[in-house]
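First comes the structure, then the notes that go with it.
To find a chain, count down the sequence lines: A is the first, B the second, and so on, and within it residues start at 1.
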Number of protein chains: 2
Amino acid sequence: MEDVAARAGVSRALVSIVFRGAVGASEGTRERVFAAAADLGYQPDRRASRLGRTRTRMLGVVFGVGHAFHGDLIDSLYAAAAVSDYEVVLSGVTPRRSEEEAVRALLAERCEGIVLVGSALPSPALSELAGRLPAVSVLRDVRVEGVDVVRTDDAEGLRQAVTHLHGLGHRRIVHADGGRAPGAAQRRRGYRSAARRLGLPSMPLLPGGLTEEDGARAAGALLRLPPGEGPTAVTAFNDRCALGFLDAVRRAGLMVPEQLSVVGFDDIRAASYAHIALTTIRQDADALGRLAIERVASRLDGGEPPGSPVVVAPALVVRATTGAPR
Amino acid sequence: MEDVAARAGVSRALVSIVFRGAVGASEGTRERVFAAAADLGYQPDRRASRLGRTRTRMLGVVFGVGHAFHGDLIDSLYAAAAVSDYEVVLSGVTPRRSEEEAVRALLAERCEGIVLVGSALPSPALSELAGRLPAVSVLRDVRVEGVDVVRTDDAEGLRQAVTHLHGLGHRRIVHADGGRAPGAAQRRRGYRSAARRLGLPSMPLLPGGLTEEDGARAAGALLRLPPGEGPTAVTAFNDRCALGFLDAVRRAGLMVPEQLSVVGFDDIRAASYAHIALTTIRQDADALGRLAIERVASRLDGGEPPGSPVVVAPALVVRATTGAPR
DNA sequence: TGCTCGTACTAGAGCGCTCTAGTTGAGGAG
DNA sequence: CTCCTCAACTAGAGCGCTCTAGTACGAGCA
């Protein structure tokens with residue numbers, strides 16, 4: 001920086017002003033500074049700049065690496081943070097790196113706020129975290145003082161799925177459950193409330209889960225049901241579960257959607273592939289990311305207190321895995 | 001830090017020594033410092049510590065968020081970096097965030113080395129990057145001066161796949177190609193060399209790609225072949241391609257492996273799911289990550305020059321999608 | 001007793017920026 | 001012509017650490 005200043009014939013402070021894009025430098029000087037920097041291959045050091053500043057303007061994001069939907073969310077978070085002039089720092093959770101560790105790393109970096117994607121952190125840990133900085137949980141609905149929540153209206157999503165199936169003429173609709181996964185309880189609830197409201201017969205849940213394998217297991221349970229007792233339609237906890245389910249029932253000889261209709265949840269990219277064409281409930285990754293950043297930014301910049309959960313509406317996407325019952 | 005020092009009755013320098021785990025502090029003092037820090041909720045600021053240090057010991061990792069196999073690699077990179085006492089800084093590539101941008105962010109953080117996972121950077125950019133810091137490309141084989149390469153022996157993987165199928169009695173084996181994806185050219189080459197060596201008839205490539213959708217498209221091409229001209233076995237560019245392919249041919253009524261055998265590449269988690277049970281060529285994510293870190297660490301710590309490509313052996317994993325031809 | 005040596009500890013100068021509190025000088029008002 | 005204003009620029013004190021070059025002191029030795 002010293003060198004750049006010397007070469008441009010100005011003080012170090014001026015170089016700082018120019019690179020921050022702050023007011024107080026003439027157009028000519030700006031150009032000279034940039035030219036000098038280019039000649040010298042100078043690039044400001046972010047670490048030092050953050051140290052000198054009162055605010056770091058860094059937002060930590062904890063996410064599961066390799067999770068397709070988390071990827072969609074990260075894309076949106078990067079974009080939204082740039083708009084509010086914040087910087088995103090990623091900290092991944094992997095089989096060998098716990099969420100606690102991921103959070104600790106972000107704290108040591110002095111992030112100002114933290115976004116937890118699909119967090120599995122226990123309430124006490126969340127509560128302690130929220131006491132240190134603005135925290136927002138995306139996807140998972142937590143009821144912890146100080147923790148903001150941005151999530152999809154999971155219950156409403158399942159209501160849409162059930163209503164769609166009901167509209168096609170289905171009456172025996174079953175839900176492949178997500179167990180303890182984020183959103184699973186709400187989806188279960190949405191399924192039940194819609195079934196009740198529409199006067200559908202109550203059916204036991206199928207044991208499902210987050211992955212394709214869980215979906216295949218749910219299919220196995222369905223196939224073991226006595227003939228005549230089986231459902232004509234299934235709502236799966238999520239798309240991956242639906243995909244595994246579909247694969248398994250088709251291989252068992254069932255025709256979809258002729259003999260069985262299937263609805264997923266998330267609308268991951270694979271759901272829209274032509275050969276899959278899964279009818280599903282779309283989660284708006286873009287809105288979720290944007291709202292998460294807005295929430296933490298407004299607490300940081302506007303001093304707003306944590307608010308009530310922000311709920312994003314899901315949308316039914318009808319493709320080729322649902323149809324009228326035979 | 002000042003406060004902690006005061007509370008423990010020592011100087012700031014001592015606190016630094018204790019937290020760095022450096023020599024020069026008595027056991028009693030260590031305890032007092034830690035106790036004081038705990039009372040005050042003090043945690044050292046990484047940014048400042050890195051600034052003060054000559055070395056930042058930070059390694060940047062550029063990866064595609066949401067890519068399952070990249071996730072496996074990240075896990076391994078985190079673990080390996082910890083062993084060499086390096087810190088991993090993630091920078092994700094998403095639809096809206098280019099690889100160039102991801103790299104730029106890492107440079108501004110003053111990373112000492114950079115690991116590019118499945119990079120698509122053009123050679124000039126790679127070359128310039130390598131001029132600034134030790135860089136290693138994982139998965140993609142680049143021939144750029146100064147850029148280290150750690151990759152799987154893709155050609156050997158396909159040779160194993162073809163040999164396996166040949167051993168089962170297949171003669172008409174076709175390859176669903178990966179186009180310009182990292183490793184695709186080598187896999188094509190491995191397929192061809194094995195076919196030639198085993199005296200198999202030459203068959204045109206199927207247009208495949210990285211995703212399930214590409215695999216389904218390849219299946220469409222195969223199904224359009226005149227009866228009798230079709231292959232009895234297919235090697236897919238990767239697992240996702242194989243999965244899409246499988247789904248499509250099965251829905252067209254083909255039995256796998258009775259009428260058609262399929263081999264994937266990568267061994268992503270889904271390949272091992274019971275209902276999928278894909279025979280595939282496993283890439284050793286753990287070894288790839290470890291070797292990538294070793295490479296950059298040895299250049300940084302040992303001053304070693306960039307070396308020749310490190311090639312990791314793949315392994316055939318036989319599951320249920322391959323069998324003797326009808 | 002005086003000397004060296006090693007351990008435990010401290011002072012203070014950086015690291016590469018930011019930012020406050022200036023200084024300078026040109027232009028406009030009175 | 002003086003005074004004020006404002007834009008353009010500078011000096012220098014931080015930010016929270018690390019690290020070098022010390023100091024203090026007790027133990028061991030001749």
*Between A/Arg55 and A/Asp301, is the closest basic N to carboxylate O distance under 4.0 Å?*
yes
*Answer yes or no: are there more than 12 heavy-atom neighbours, outside A/Arg32 itself, under 6.0 Å from its atom CZ?*
yes
*asked:* Looking at A/Gln43, I'd like to know if its CD atom is crowded, meaning that more than 12 non-hydrogen atoms belonging to other residues, nucleotides or ligands lie closer than 6.0 Å.
replied: yes
*asked:* Test your reading of the model: is there a side-chain donor-acceptor pair from A/Arg47 to the backbone of B/Arg50, 3.5 Å cut-off?
replied: yes
*Which atom names give the shortest non-hydrogen contact between A/Val4 and A/Ala36, and what distance separates them?*
O-CB, 3.9 Å
_Reading DNA chain D in the 5' to 3' direction, which nucleotide is the first one with an atom under 4.0 Å from a heavy atom of chain B, and which is the last?_
D/dG16 to D/dC19
_B/Arg32 CZ to C/dC9 C1', straight-line distance once rounded to whole Å_ = 11 Å
*Hey, are B/Asp286 and A/Arg96 close enough for a salt bridge, meaning a charged N less than 4.0 Å from a carboxylate O?*
yes
*Answer yes or no: is there an ion pair linking B/Arg299 with B/Glu294, defined by an N-O contact shorter than 4.0 Å?*
no
*Strand contacts (DNA chain C) in residues 8-23 of chain A, 4.0 angstrom heavy-atom criterion*: A/Arg12, A/Ala13, A/Ser16, A/Arg20
_Tell me every residue that passes side chain to side chain contact (heavy atoms under 4.5 Å, CB included) with B/Glu27, counting only those two or more places apart in sequence or in another chain._
B/Arg30, B/Glu31
*Short N-O contact, A/Asp39 and A/Arg7, less than 4.0 angstrom*: yes
*asked:* Reading DNA chain C from 5' onward, which residue's closest nucleotide shows up sooner: A/Met1 or B/Thr29?
replied: B/Thr29
*Can a salt bridge be assigned to the pair B/Arg143 and B/Asp141 using a cut-off of 4.0 Å between side-chain N and carboxylate O?*
yes
*Is it true that B/Arg104 and B/Glu109 have a side-chain N and a carboxylate O under 4.0 angstrom from each other?*
no
*Enumerate the residues from residues 48-58 of chain A whose closest heavy atom to DNA chain C is under 4.0 Å, giving them by residue number; use none for an empty result.*
A/Ala48, A/Ser49, A/Leu51, A/Gly52, A/Arg53
*Nearest nucleotide by nearest heavy atom, which residue falls closer to the 5' end of DNA chain C, B/Glu27 or A/Gln43?*
B/Glu27
_Between B/Arg282 and B/Thr152, a side-chain donor and acceptor under 3.5 Å_ = no
_Rounding to 10°, can you tell me the angle the first-five-pair axis of the helix from C/dT1-D/dA30 to C/dG30-D/dC1 makes with its last-five-pair axis?_
50°
Name every donor-acceptor pair, under 3.5 Å, that has one atom in a side chain of residues 57-74 of chain A and the other anywhere in the protein, sequence neighbours excluded.
unit_1, atom_1, unit_2, atom_2, d
A/Arg57, NE, A/Asp85, O, 2.8
A/Arg57, NH2, A/Ser84, O, 3.1
A/His70, ND1, A/Gly64, N, 3.0
A/Asp72, OD1, A/Arg269, NH2, 3.4

